[in-house]
Protein chains: 2
Amino acid sequence: MPRAGLSAGAVIERGAQLLDESPADALNLSTVAESFGVRTPSLYKHIDGMPGLQRGIRILAKASLGSAVAQSAVGRSRGDAITAMAMAYRRWALQHPGQYPLTTSAPLPGDTEEIEVSTAFLDVIFSVLAGYELEGDNAVDATRFFRSTLHGFVALETEGSFAMPVDLERSYARLVRSIVTALESWGRE
Amino acid sequence: MPRAGLSAGAVIERGAQLLDESPADALNLSTVAESFGVRTPSLYKHIDGMPGLQRGIRILAKASLGSAVAQSAVGRSRGDAITAMAMAYRRWALQHPGQYPLTTSAPLPGDTEEIEVSTAFLDVIFSVLAGYELEGDNAVDATRFFRSTLHGFVALETEGSFAMPVDLERSYARLVRSIVTALESWGRE
DNA sequence: CGCATTAGCTAATGTCATTAGCTTTAGCGG
DNA sequence: CCGCTAAAGCTAATGACATTAGCTAATGCG
């Protein structure tokens with residue numbers, strides 16, 4: 001019985017990777033175990049079953065997307081920042097088609113670690129919106145608008161729901177321009 | 001062996017109903033069968049296994065959402081129509097939280113029936129956008145923007161991803177206003 | 001009324017997640 | 001070096017589902 005040298009992190013990363021490689025097939029423990037040359041029950045020494053694996057991937061994915069988006073906004077503000085973030089968001093999603101859907105699922109109530117990661121992502125958006133001097137509910141509405149629009153496009157695109165033979169880059173660029181314009185006058189109107 | 005009087009339609013409707021009642025638990029054939037007081041394999045006489053059931057629910061859901069949205073736009077145009085459609089879209093989704101996610105999944109390639117239903121929905125949006133005199137790629141971009149924004153908000157809302165304690169109605173109304181404004185100047189700019 | 005069709009059933013198989021409990025490895029203090 | 005404990009991995013067993021094969025009984029049409 002040579003040891004395989006697993007760890008929670010390794011299992012979760014492998015799960016995430018397998019998910020991205022074939023987003024169609026549902027992730028299962030047998031596949032993860034097999035990819036390590038290990039029997040399925042062995043994984044339970046490292047993760048808390050399927051729910052634990054999913055939670056781990058969710059946290060990993062949210063953190064990764066969050067930092068990609070945050071980085072894209074460094075040194076930019078307002079329209080520039082919004083555009084950069086939108087591009088980074090979509091790029092990350094296209095590169096991680098399996099993980100992406102997990103980034104929008106809510107944390108389990110009371111799961112402080114996952115709540116923290118989710119919140120960190122929101123904070124990035126809030127910081128950028130600060131450049132528009134939006135306050136209170138207006139800022140929340142604007143954040144929701146921003147997230148909704150990005151998520152909607154990316155979700156529909158990755159699900160293959162945009163059937164028309166028209167360039168997606170172009171459509172997305174146009175959508176982002178509309179977001180920027182909308183945010184310009186968000187407080188007024 | 002008294003007959004239960006099943007039919008493809010009945011099975012599919014029951015599946016859809018169960019899905020809406022507890023969107024969290026994945027749909028399974030045992031539950032559907034049990035709800036009819038019938039053994040699981042009996043369902044195969046009416047539907048083509050799990051994939052067939054899912055396809056049936058998908059078609060049902062797309063048709064239902066499509067007609068709700070279409071009806072809402074009757075007798076309205078431009079901003080009025082857009083607003084009415086957006087409200088109808090969200091209302092339908094909140095009333096059918098289990099079925100909603102299926103409405104955005106792409107039909108299997110070659111499945112003419114499902115493709116037709118999906119297309120019918122798009123056509124409704126195109127008709128309304130005709131009021132803005134958008135042509136070709138511009139119309140496609142605008143449609144994508146519209147769908148993305150609605151879907152994004154509704155998806156995030158039904159997944160419980162909007163955590164902040166700020167009124168969702170208000171945020172959605174504000175989002176819809178931004179869509180209307182964006183469409184006003186879609187061709188120019 | 002007889003017969004073909006079809007609905008529903010039981011039995012069997014396969015996949016997957018999960019738990020219990022065993023065995024061996026690894027690493028640490030003497 | 002040696003033994004001991006903790007942890008890693010294993011096998012075996014169970015239970016939920018989906019699916020298929022093949023039987024039996026109800027239905028409905030001539």
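Quick note on labels: first sequence line is chain A, next is B, and so on, each numbered from 1.
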Quick one: B:Arg3 CZ to D:dA26 P, roughly how many Å, whole number?
-> 8 Å
Which residues satisfy the salt bridge (Lys or Arg N to Asp or Glu O under 4.0 Å) test with B:Arg14, sequence neighbours excluded?
-> none
Roughly how far, to the nearest 0.5 Å, is CD of A:Gln17 from CG of A:Leu27?
-> 11.5 Å
Is the phosphate of C:dA7, meaning OP1 or OP2, less than 4.0 Å from a side-chain N or O of B:Ser42?
-> no
What integer distance in Å separates A:Arg39:CZ from C:dC22:P?
-> 20 Å
Report the distance from atom CG of B:Leu53 to atom P of D:dA18, rounded to the nearest whole Å.
-> 9 Å
Rounded to whole Å, CG of B:Leu6 lies from P of D:dA26 at a distance of 16 Å
CG of A:Asp25 versus P of D:dA18: gap in Å, rounded?
-> 18 Å
Step-by-step side chain to side chain donor-acceptor pair (under 3.5 Å) determination, B:Arg177 to B:Thr181 | CA-CA 6 Å; B:Arg177 254 193 298 140; B:Thr181 305; over 6 Å; no
Quick one: A:Leu43 CG to D:dA8 P, roughly how many Å, whole number?
-> 12 Å
Per-pair distances, 0.1 Å, donor-acceptor, side chain in residues 121-134 of chain B, under 3.5 Å, sequence neighbours excluded:
unit_1   : atom_1 : unit_2   : atom_2 : d
B:Ser127 : OG     : B:Asp123 : O      : 2.7
B:Tyr132 : OH     : B:Gly79  : N      : 3.1

Write down the protein N/O and nucleotide N/O pairs, taken from nucleotides 16-19 of chain C, whose separation is under 3.5 Å; answer none if there are no such pairs.
unit_1 : atom_1 : unit_2  : atom_2 : d
C:dC16 : OP1    : A:Asn28 : ND2    : 3.2
C:dA17 : OP1    : A:Leu29 : N      : 2.9
C:dA17 : OP2    : A:Leu29 : N      : 3.1
C:dA17 : OP2    : A:Ser30 : N      : 3.2
C:dA17 : OP2    : A:Ser30 : OG     : 3.2
C:dT18 : OP2    : A:Tyr44 : OH     : 2.6
C:dT18 : OP2    : A:Met50 : N      : 2.7
C:dT18 : O5'    : A:Tyr44 : OH     : 3.0

Side-chain donor/acceptor of A:Ser64 to backbone N/O of A:Leu60, under 3.5 Å | no
Near DNA chain D, under 4.0 Å by heavy atom, which residues of residues 15-22 of chain A?
-> none
What side-chain donor-acceptor pairs closer than 3.5 Å can you find for residues 68-76 of chain B, not counting sequence neighbours?
unit_1  : atom_1 : unit_2  : atom_2 : d
B:Ser72 : OG     : B:Val69 : O      : 2.7
B:Ser72 : OG     : B:Ala84 : O      : 3.4
B:Arg76 : NE     : B:Ser72 : O      : 3.2

Between D:dA7 and A:His46, is there an OP1 or OP2 to side-chain N/O distance shorter than 4.0 Å?
-> no
Any pair counted as side chain to side chain donor-acceptor pair (under 3.5 Å), so long as it reaches residues 107-120 of chain B, sequence neighbours left out | B:Arg55-B:Asp111, B:Arg55-B:Glu113, B:Arg58-B:Glu114, B:Lys62-B:Glu114, B:Lys62-B:Ser118
What's the NZ-P distance between B:Lys45 and D:dA25, to the nearest Å?
-> 14 Å
Does a side-chain heavy-atom distance below 4.5 Å link B:Leu175 with A:Phe146?
-> no
Could you tell me the separation between the CG atom of A:Asn138 and the CH2 atom of A:Trp186, rounded to the nearest 0.5 Å?
-> 8.0 Å
